[in-house]
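Atoms considered below: every heavy atom in the structure, side chains included; atoms not considered: hydrogens, waters and symmetry mates. Heads up: numbering here begins at 1 and tracks the sequence.
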Amino acid sequence: MTSLIEKQDIQDQARKLNVNPSANNTSKIKSISVMYSYEGIADDKNRPTCHKLVRSNKLYSREEIESMSAVLGWDVFTHKMGKNCRHTWVKHSVVRR
């Protein structure tokens, strides 16, 4: 999983919490994860899967997105739900204390 989390994301989140990311004093942070929300237009032109994902109001891990890709047979992270998809994955840093 750590290969999917960019070091810059961890450092940025640590700075927001006033924690030196290179110091050993990170007891305030249990873990930092990068999660993604599926966002964009919600209207009657949405594909059924887009409709469901946009309205789910859920954060997905990169592993979950890769699982979707395996089921659908294409890279869902890059191509979303297909040609001319109007949605995007938005990155979020999730801090667990």
Side-chain angles (χ1 to χ4, degrees):
M1 166 121 174
T2 56
S3 63
L4 299 176
I5 300 172
E6 297 176 21
K7 185 176 181 178
Q8 189 64 37
D9 292 324
I10 294 170
Q11 291 173 340
D12 290 345
Q13 192 62 43
R15 271 189 222 93
K16 288 178 189 175
L17 295 170
N18 288 329
V19 175
N20 180 352
S22 61
N24 291 332
N25 185 15
T26 57
S27 59
K28 293 181 183 179
I29 301 173
K30 191 172 185 178
S31 68
I32 299 175
S33 305
V34 176
M35 304 288 282
Y36 299 88
S37 59
Y38 195 73
E39 297 184 16
I41 299 168
D43 59 19
D44 60 347
K45 295 180 183 178
N46 289 152
R47 294 176 175 100
T49 308
C50 288
H51 176 84
K52 192 176 201 176
L53 289 173
V54 168
R55 287 178 173 78
S56 72
N57 196 27
K58 180 182 172 191
L59 295 177
Y60 298 90
S61 68
R62 188 66 186 259
E63 287 85 1
E64 290 172 311
I65 297 168
E66 288 174 1
S67 294
M68 290 180 213
S69 297
V71 169
L72 295 172
W74 69 82
D75 184 0
V76 172
F77 190 77
T78 303
H79 303 292
K80 285 62 121 191
M81 290 302 138
K83 187 176 180 180
N84 299 322
C85 184
R86 301 173 296 155
H87 301 96
T88 186
W89 291 105
V90 177
K91 182 170 41 172
H92 304 274
S93 296
V94 177
V95 178
R96 293 184 176 91
R97 295 179 184 211

Side-chain contact test, heavy atoms from C-beta onward, threshold under 4.5 Å: evaluate it for [X] versus [Y] and give yes or no.
X     : Y     : answer
Ser61 : Glu66 : no
His92 : Ser37 : yes
Tyr36 : Val90 : no
Arg47 : Lys80 : no

I'd like to know if Tyr38 and Phe77 are part of one continuous hydrophobic network [Ile/Leu/Val/Met/Phe/Trp/Tyr, side-chain heavy atoms within less than 4.5 Å].
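Yes, same cluster.
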Apply side-chain contact (heavy atoms from CB on, under 4.5 Å) to Ser93 and Met35, showing your working.
CA-CA 6 Å; Ser93 296; Met35 304 288 282; over 6 Å; no
For Tyr60 and Met68, run side-chain contact (heavy atoms from CB on, under 4.5 Å): C-alpha distance rounded to whole Å, both residues' side-chain angles, the deciding distance at 0.1 Å, then the answer.
CA-CA 11 Å; Tyr60 298 90; Met68 290 180 213; 3.6 Å; yes
Any chance you could lay out the side-chain contact (heavy atoms from CB on, under 4.5 Å) test for Val34 and Lys91, step after step, and finish with the verdict?
CA-CA 7 Å; Val34 176; Lys91 182 170 41 172; 3.4 Å; yes
With sequence neighbours left out, write down each residue that passes side chain to side chain contact (heavy atoms under 4.5 Å, CB included) with Leu72, or none if nothing qualifies.
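Applying side chain to side chain contact (heavy atoms under 4.5 Å, CB included) to Leu72 gives Trp74, Val76, Met81.
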Looking at every non-hydrogen atom in both residues, tell me the closest pair between Ile41 and Asn46 and how far apart they are.
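Closest approach of Ile41 to Asn46, heavy atoms only: O-ND2, 3.1 Å.
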Would you give the length of the straight line joining atom OG of Ser69 to atom CD of Glu63, rounded to the nearest 0.5 angstrom?
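Rounded to the nearest 0.5 Å, the OG-CD separation comes to 12.0 Å.
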So how far is it from Thr78 OG1 to Trp89 CH2, rounded to the nearest 0.5 Å?
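Rounded to the nearest 0.5 Å, the OG1-CH2 separation comes to 11.5 Å.
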Restricting to pairs with a member in residues 33-45, which pass salt bridge (charged side-chain N to carboxylate O under 4.0 Å, His left out), not counting sequence neighbours?
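Every pair satisfying salt bridge (charged side-chain N to carboxylate O under 4.0 Å, His left out) with a residue in residues 33-45: Asp43-Arg86.
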Any side-chain donor near an acceptor of the partner, Arg55 and His51, under 3.5 Å
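Indeed, the side chains of Arg55 and His51 share at least one donor-acceptor pair under 3.5 Å.
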